[in-house]
There are 2 protein chains.
Amino acid sequence: MSFIALSAQQTAELSRQLIDQGLIVAPESAKGRLLKSAARLFRTNGYERTTVRDLAKDIGIQSGSLFHHYPSKQEILRSVVEETILLNIETMKLSLSLNQGVRDRLYGLILCELQSILVDNGAEMAVLVYEWRGLNDENQSEILKLRDEYERLWIDVLEEAREQNLIVIPPAMLRRLLTGSISWSINWFKPDGDLSLEALAEMILSMALNTSKP
Amino acid sequence: MSFIALSAQQTAELSRQLIDQGLIVAPESAKGRLLKSAARLFRTNGYERTTVRDLAKDIGIQSGSLFHHYPSKQEILRSVVEETILLNIETMKLSLSLNQGVRDRLYGLILCELQSILVDNGAEMAVLVYEWRGLNDENQSEILKLRDEYERLWIDVLEEAREQNLIVIPPAMLRRLLTGSISWSINWFKPDGDLSLEALAEMILSMALNTSKP
DNA sequence: CCACAAAGCAAACGCTTGTTTTTTAGCTCA
DNA sequence: TGAGCTAAAAAACAAGCGTTTGCTTTGTGG
């Protein structure tokens, strides 16, 4: 296995950079803690079912006080989604830069997405996947641009795999099937169970690649 | 391709039987139309976002009048979910009885589930998949028994595939990955587009089966 | 034809929602 | 010290929610 994983140091450095650029807020700030709580609650109970009172209680303030930080609940969701996708794009780019072989590159993408969805630290991804409808039209199209960039990373790698006859299903289609498999894992995967994230990624990779018969 | 598909006549006969047994309500009855509307609206906008007023308007009555048919909104969701899973279990059993080879059996299951999720007639399945959290604890465990029966059908076929070395991923795991791919299709599949349901099922099948290298 | 139940209307109920307003407390820096 | 900020509390707001109420209409079997 030649795969080069991201070190904790590298990912830490990455989020620090994004904070410095003002693209995401520092997690230890008031806003940061709010976003973290929001992501967790939205993931656990869904956007609609999570009330601003739930959210306020979780970080220990009154519900009205939330609106000193964000103008609306909707804006909180937007921030959560935007931060998540921004961080994910950069993480994935970094992983791609470290690995050259198609197999490793694809494995890296799968692992990144799984990590983002399943590891507590990345609760926000689930929101992006499942609470899409909670965003209003304006915010959806704003996020859409980021999403396109994100998906492009996947498609490029899958196109490469296609050229090498590692897959037979058209890249765009295969990506959709993989998106489903990966995002669904939030409904059953237990982080402290027997199955590791890496083992799961390996299975998904094998499912994706072995679509070509010799 | 040896696959024997279900005829429209067979599926019609099947739902007639279930109606006669009192397990599901006739679609042309008042209750039936209500359930149909509910399933569609729940799928389109989600359970929480769909109000009883939306629902009432859709079938052309006042919101209060809904409660002559069902004691609560929650109970409407429960009925939608229960009817869906009941019908699906029977449809899948019928498909399995018509096809003997593992490949065809698995293809049949995939097609059934896709049909249930994607075809308008089976809008309810999406609710089962995505609105699970909308059910309260009591209703969840009640539905759980039906779900177990449903999943058993899948696992049995996948076990069979495993014995014949058609798959390498453990059946329970592969089922999860397939559940994700199939259910996710509701987010992108266009019934009147270029891709047919059968072609999609074929792709998913190939992804599922070709996990074994010679 | 009439009694009776089912189905529906119109209006209100109590409660929760996201949000706004007013007030209070603590901090910083000139 | 005190003006000016930020953060939060406290309380209220209108709107919308699921649901209940009292009454009327509709359909049906004896």
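So you know, we letter chains A, B, ... as the sequences are listed, proteins then strands, and number each from 1.
A donor-acceptor contact shorter than 3.5 Å links the side chain of B:Ser97 to the backbone of B:Leu94. No side-chain donor-acceptor contact under 3.5 Å links A:Ser185 to the backbone of A:Ser181. Judged by distance alone, with hydrogens and angles left aside, the side-chain atoms of B:Ser37 form no donor-acceptor pair with the main-chain N or O of B:Ile59 at under 3.5 Å. Between the A:Tyr70 side chain and the A:Leu77 main chain, no donor and acceptor come within less than 3.5 Å of each other.
Atom CG in B:Asn45 sits about 12 Å away from atom P in D:dC17, given to the nearest Å. For the pair A:Leu66 CG and D:dT6 P, the computed distance is 18 Å after rounding to whole Å. Distance NZ (B:Lys73) to C1' (D:dG16): 12 Å, rounded to an integer number of Å. Counting to the nearest Å, the C1' atom of D:dA7 and the CD atom of A:Gln62 are 13 Å from each other.
Residues passing the side chain to side chain donor-acceptor pair (under 3.5 Å) test with B:Gln10 are B:Ser7, sequence neighbours excluded.
Heavy-atom nearest nucleotides on DNA chain C were determined for A:Pro71 and for B:Ile61, and the one closer to the 5' end corresponds to B:Ile61.
The side chain to side chain contact (heavy atoms under 4.5 Å, CB included) test with A:Leu34 singles out one residue from A:Val80, A:Leu66, A:Asp58, and that residue is A:Leu66.
If you check residues 51-60 of chain A against DNA chain C, the residues with a heavy atom closer than 4.0 Å are A:Thr51, A:Val52, A:Arg53, listed by number. Contacts with DNA chain C (heavy atom under 4.0 Å) in residues 26-33 of chain A: none are found.
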For nucleotides 21-28 of chain D, which of its nitrogen or oxygen atoms have a protein nitrogen or oxygen under 3.5 Å away, and what is each distance?
none

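To the nearest 0.5 Å, atoms CD (A:Glu90) and CG (A:Leu18) are separated by 5.5 Å.
The salt bridge (charged side-chain N to carboxylate O under 4.0 Å, His left out) pairs that include a residue from residues 6-21 of chain B are B:Glu13-B:Arg16, B:Arg16-B:Asp20, where partners are two or more places apart or lie in different chains.
In plain terms, the two heavy atoms of A:Arg33 and A:Glu28 that are nearest each other are NE-O, 4.0 Å. Listed here is the closest heavy atom pair of B:Thr84 and B:Ser116: CG2-OG, 4.4 Å. Nearest heavy atom pair, residue B:Lys73 against residue B:Phe42, reads CE-CE2, 4.5 Å.
Surrounding CD of B:Gln9 are at most 12 heavy atoms belonging to other residues, nucleotides or ligands under 6.0 Å away.
Neither side chain, A:Thr91 nor A:Asn88, offers a donor N or O lying under 3.5 Å from an acceptor on the other.
The residue B:Ser72 sits close only to the backbone: its heavy atoms come under 4.0 Å of sugar-phosphate atoms, none of a base.
Boundaries of the chain B contact region on DNA chain C are C:dA7 to C:dA12, first to last in 5' to 3' order (nucleotide atom under 4.0 Å from a heavy atom).
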